[in-house]
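All heavy atoms count here, side chains included; hydrogens, waters and symmetry mates do not. Each chain gets a letter, A, B and so on, in the order its sequence line appears, and its residues count up from 1. On a predicted model such as this, the values are computed, not experimentally measured, just so you know.
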There are 2 protein chains.
Amino acid sequence: MANLQPGKPLDMAAIKVACANCNLHNLCLPLGIDTRDIERLDDIINRKRPLARGEYLFQAGAPFHAIYAIRSGSVKSFTATEDGQEQVTGFHLPGELVGLDAISSDTHNCSARALETTSVCEIPYPQLEELSALMPSLQRQLLRVMSREILQDEHMMMLLGRKAADERLAAMLMSMSNRFKQRGFSPREFHLSMSRNDIGNYLGLAVETVSRLFTRFQEDGLLETERKHVRILDLARLSVLAGANRISPDE
Amino acid sequence: MANLQPGKPLDMAAIKVACANCNLHNLCLPLGIDTRDIERLDDIINRKRPLARGEYLFQAGAPFHAIYAIRSGSVKSFTATEDGQEQVTGFHLPGELVGLDAISSDTHNCSARALETTSVCEIPYPQLEELSALMPSLQRQLLRVMSREILQDEHMMMLLGRKAADERLAAMLMSMSNRFKQRGFSPREFHLSMSRNDIGNYLGLAVETVSRLFTRFQEDGLLETERKHVRILDLARLSVLAGANRISPDE
DNA sequence: CGGCTGCTTGATTACGCTCAAGATTAGTGG
DNA sequence: CCACTAATCTTGAGCGTAATCAAGCAGCCG
C-alpha cells in the first residue's frame with residue numbers, strides 16, 4: 001500500500017519501493033523467498049519511469065534481455081500473425097510477469113503495450129538466471145511461475161477450442177474478477193482497461209459479438225456496464241456460465 | 001540409433017541407453033550440457049518399462065513428482081472440462097517433455113496417455129530441481145524448454161482464435177511434418193498415431209469436419225491418406241495454407 | 001461371423017462473422 | 001470552453017462456415 005497512495009502526486013522516490021515493501025510481493029517473483037534473499041533480487045531490478053498509455057514495453061523482434069513485472073497499471077501482449085494482423089495473447093495485471101516466452105529464442109516474439117499509465121520492474125534476465133542458480137528458492141519460484149503460465153495457456157486453449165462466445169466472455173470476466181480480488185480490489189466492480197476490440201481479439205471473437213454479448217449480459221441481469229466500468233450483479237451465474245454449460249441450461 | 005533397432009526383440013538392457021548415447025539428446029533436456037554433467041543427469045533418470053497403447057503416463061489429480069521425456073512412441077495430454085468431456089492439449093513426440101504444467105500446483109492438471117507403444121524417461125522433479133541448482137547449464141535448458149512451451153501454446157491460441165478449419169488442420173500437419181523431420185524422419189510421409197477424434201478435439205473442430213477436410217485436401221492434391229498414414233504431396237501449398245491466407249487465395 | 005469402434009458422407013441448422021450504418025465518446029485545436 | 005474530427009462502440013440485416021443430427025461404411029476384435 002505504501003507505494004500507491006492515490007492522493008499523493010507521483011513521486012519517483014516512492015516508485016523505488018523495494019521488493020520487500022511492495023504489496024505485490026506475494027504474487028510476484030519474491031513469493032516464498034526470505035527477507036535477506038529478497039534484497040539480492042532487489043539489487044538487480046530496475047524500476048523504470050512509468051509508461052504512458054500506448055507506449056511499448058518491448059516490441060516483437062527486439063533482442064531479449066529482461067523480463068518485466070507489472071507494478072501498477074496494465075499491459076497487453078500480442079503477436080503479429082503471418083498476414084500482419086495482430087493477435088492479443090494476454091492481459092497482464094500488477095504482480096504478473098511479462099516476456100517469459102522470449103527466453104527460449106533470445107528474441108521477443110510478442111510485443112507488449114501499456115493499456116493505461118503503467119509502471120514496471122525490469123528484471124535483467126542474465127542476472128536473474130545467475131541469481132537463481134545461487135538461490136534455490138528463486139529458481140523454484142521462477143519455474144513455478146513459468147509452469148503456471150503454461151497451465152493458464154492450456155486453459156485458454158480449452159476456452160478457444162470448446163467454448164461458445166458467451167462462455168468465453170464470461171470466463172474472461174471471471175478471470176479478471178478473480179485477479180482483481182487477489183489484488184485486494186472488488187471482484188464485482190472494476191475497470192477494464194482494454195478496448196472491446198482487444199477483448200474480441202483475445203477471445204477469438206468479432207468486436208460486434210463482444211458488444212452484443214455485453215448488451216445481452218446486461219439484459220439478463222448478469223452485470224451492468226458503463227463503458228469500461230463493469231459491475232457484476234450475479235457473480236454465481238456468471239461463474240457457472242464461464243464454467244461450461246451448453247447442455248445444462250441455467251434457469 | 002543404438003537403442004531402437006527394428007529387427008531386435010525388445011531388450012531391457014537396450015532400453016537403458018544413457019542420455020549421452022541417446023539419439024534424442026539434442027532435442028531433449030541434455031541439449032547444451034557437457035558430457036560429464038550429462039552423466040549426473042543420467043543418474044537421476046529412471047527408464048520405465050514401455051507403455052502399451054492406451055496406458056496412462058499419469059492422470060489428472062495425481063500428485064506431481066516427476067516430468068517425463070518421451071523416448072519412443074507418442075503421447076497425448078488432455079484435461080477434463082468442468083462438464084466432464086475431454087480436451088486434448090497436446091501430442092508429444094520423442095524428445096519432448098510432458099508434465100511441465102504440474103510444477104506450479106504440485107498436482108497433475110492433465111492426464112497423459114500413450115497413443116501407441118511408448119517408452120519414456122521419468123525425471124523425478126525434486127532431484128531435477130536440486131541438480132539444476134548445481135548445474136547452470138541444466139537450469140538454463142530447463143527454463144528454455146519451458147519458455148518454448150509457452151511460445152508454442154501462444155501459437156496454438158492464435159490458431160484456435162483466428163484460423164479457419166482448413167488452416168488449423170494444415171497447421172497441425174505442418175507441425176507434425178516439421179517435428180518428424182527434426183527427428184530424422186520423412187517430413188512428407190508419416191503415421192499419425194492419434195485418432196481423428198483426438199485431432200478434432202485438439203483443433204477445436206468436430207470429427208466430421210476433420211474427416212471432410214482430409215477428403216478435401218486429398219481432392220485438392222495436397223496429400224494422400226490411407227487411414228492413419230499420411231503422404232504430403234504439396235508441402236509448399238500446405239505450408240501456405242497453414243500460414244494464414246483467408247485474404248490471398250492460392251490459385 | 002457379428003458386434004464394436006472409428007471413419008466418412010449427407011442434410012440441416014445455428015452461431016457468430018461480415019458488411020453497413022448510426023451513436024457515443026475522446027481527443028484536438030481554435 | 002466549445003466545436004470538430006477521429007476513434008470506439010453499438011445495433012441491425014444477411015450470409016457462410018462449421019456443428020449437429022443421422023446413416024452408412026470399413027477395419028478390428030473376440
Side-chain angles (χ1 to χ4, degrees), chain A residues 52-54 76 83 85-88 113 115-117 159-172 191-219 223-230 241 244-247 249, chain B residues 52-54 76 81 83 85-88 113 115-116 159-172 191-219 223-230 241 244-247 249:
Chain A
R53 177 194 152 103
K76 77 165 173 181
D83 54 342
Q85 55 183 348
E86 104 180 26
Q87 161 71 29
V88 175
R113 262 183 114 172
L115 289 166
E116 59 195 311
T117 305
L159 182 145
L160 292 169
R162 303 236 83 70
K163 295 200 179 185
D166 55 351
E167 296 169 340
R168 294 186 199 186
L169 184 60
M172 189 264 194
H191 182 84
L192 291 175
S193 56
M194 69 294 292
S195 69
R196 298 281 193 267
N197 217 316
D198 286 337
I199 296 175
N201 189 307
Y202 178 59
L203 296 176
L205 301 172
V207 203
E208 295 93 325
T209 306
V210 174
S211 191
R212 276 184 252 272
L213 284 172
F214 268 117
T215 321
R216 214 183 80 198
F217 283 0
Q218 207 151 352
E219 286 167 359
L223 49 78
E224 284 174 357
T225 59
E226 162 118 23
R227 198 134 185 84
K228 301 200 162 178
H229 190 86
V230 176
L241 183 59
N245 60 329
R246 309 191 66 176
I247 304 103
Chain B
R53 178 195 152 104
K76 76 165 172 180
T81 62
D83 54 342
Q85 55 182 345
E86 103 179 28
Q87 161 70 31
V88 175
R113 262 183 114 171
L115 288 166
E116 59 195 311
L159 183 146
L160 292 170
R162 303 235 82 71
K163 296 200 177 183
D166 55 352
E167 295 168 341
R168 294 187 200 185
L169 184 60
M172 189 267 193
H191 182 84
L192 291 175
S193 55
M194 69 295 293
S195 69
R196 298 283 193 266
N197 217 316
D198 286 337
I199 296 176
N201 188 307
Y202 178 59
L203 296 176
L205 301 171
V207 204
E208 295 93 328
T209 306
V210 175
S211 190
R212 275 184 253 270
L213 284 171
F214 269 117
T215 321
R216 214 184 79 198
F217 282 0
Q218 206 150 355
E219 286 167 0
L223 48 78
E224 285 173 355
T225 59
E226 163 117 24
R227 200 144 182 77
K228 303 200 161 180
H229 190 87
V230 176
L241 183 59
N245 60 328
R246 308 191 67 177
I247 302 103

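Comparing Leu205(A) and Glu226(A) against DNA chain C, the residue whose closest nucleotide sits nearer the 5' end is Leu205(A).
With sequence neighbours excluded, the residues forming a ring pair (Phe, Tyr, Trp, His ring centres under 6.0 Å) with Tyr202(B) are Phe91(B), listed by chain and number. Under the salt bridge (Lys or Arg N to Asp or Glu O under 4.0 Å) criterion, Glu116(A) pairs with no residue at all, not counting sequence neighbours. By the side chain to side chain donor-acceptor pair (under 3.5 Å) test, His229(B) is found to be paired with Glu189(B), residues two or more places apart in sequence or in another chain being considered. Residues that satisfy the side chain to side chain contact (heavy atoms under 4.5 Å, CB included) test with Arg216(A), not counting sequence neighbours, are Asp166(A), Leu213(A), Glu219(A), Asp220(A). Under the rule for a side chain to side chain contact (heavy atoms under 4.5 Å, CB included), the partners of Ala52(A) that lie at least two apart in sequence or sit in another chain are Glu55(A). Residues passing the side chain to side chain donor-acceptor pair (under 3.5 Å) test with Thr215(B), sequence neighbours excluded: none. Partners of Thr209(A) by side chain to side chain donor-acceptor pair (under 3.5 Å), not counting sequence neighbours: none found.
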Check the interface with nucleotides 3-7 of chain C: list each N/O to N/O pair with the protein under 3.5 Å, or write none.
unit_1	atom_1	unit_2	atom_2	d
dC7(C)	OP1	Arg196(B)	N	3.3
dC7(C)	OP2	Arg196(B)	N	3.2

Pairwise N/O distances under 3.5 Å, protein to nucleotides 24-26 of chain D:
none

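Nucleotide dT18(C) holds its C1' atom 10 Å from the CZ atom of Arg212(A), rounded to whole Å. In this structure, CG of Asn201(A) is placed 15 Å from C1' of dT8(D), rounded to the nearest angstrom.
Within the 4.0 angstrom heavy-atom criterion, only backbone atoms of the sugar-phosphate kind lie near Gly204(A); the bases stay farther away.
The salt bridge (charged side-chain N to carboxylate O under 4.0 Å, His left out) analysis of residues 191-204 of chain A, with sequence neighbours excluded, yields the pairs Lys76(A)-Asp198(A). Counting only residues at least two apart or on different chains, no salt bridge (charged side-chain N to carboxylate O under 4.0 Å, His left out) pair has a member in residues 205-214 of chain B.
Going from atom CG of Leu205(A) over to atom CG of Leu169(A) covers 8.0 Å, rounded to the nearest 0.5 Å. Atom CD1 of Ile199(B) is separated from atom OG of Ser211(B) by 10.0 Å, given to the nearest 0.5 angstrom.
Not one side-chain nitrogen or oxygen of Thr209(B) sits closer than 4.0 Å to the OP1 or OP2 atom of dT17(D).
Across the helix from dT8(C)-dA23(D) to dA21(C)-dT10(D), the helix axis at one end is tilted relative to the axis at the other end by 40° (nearest 10 degrees, each axis from five pairs).
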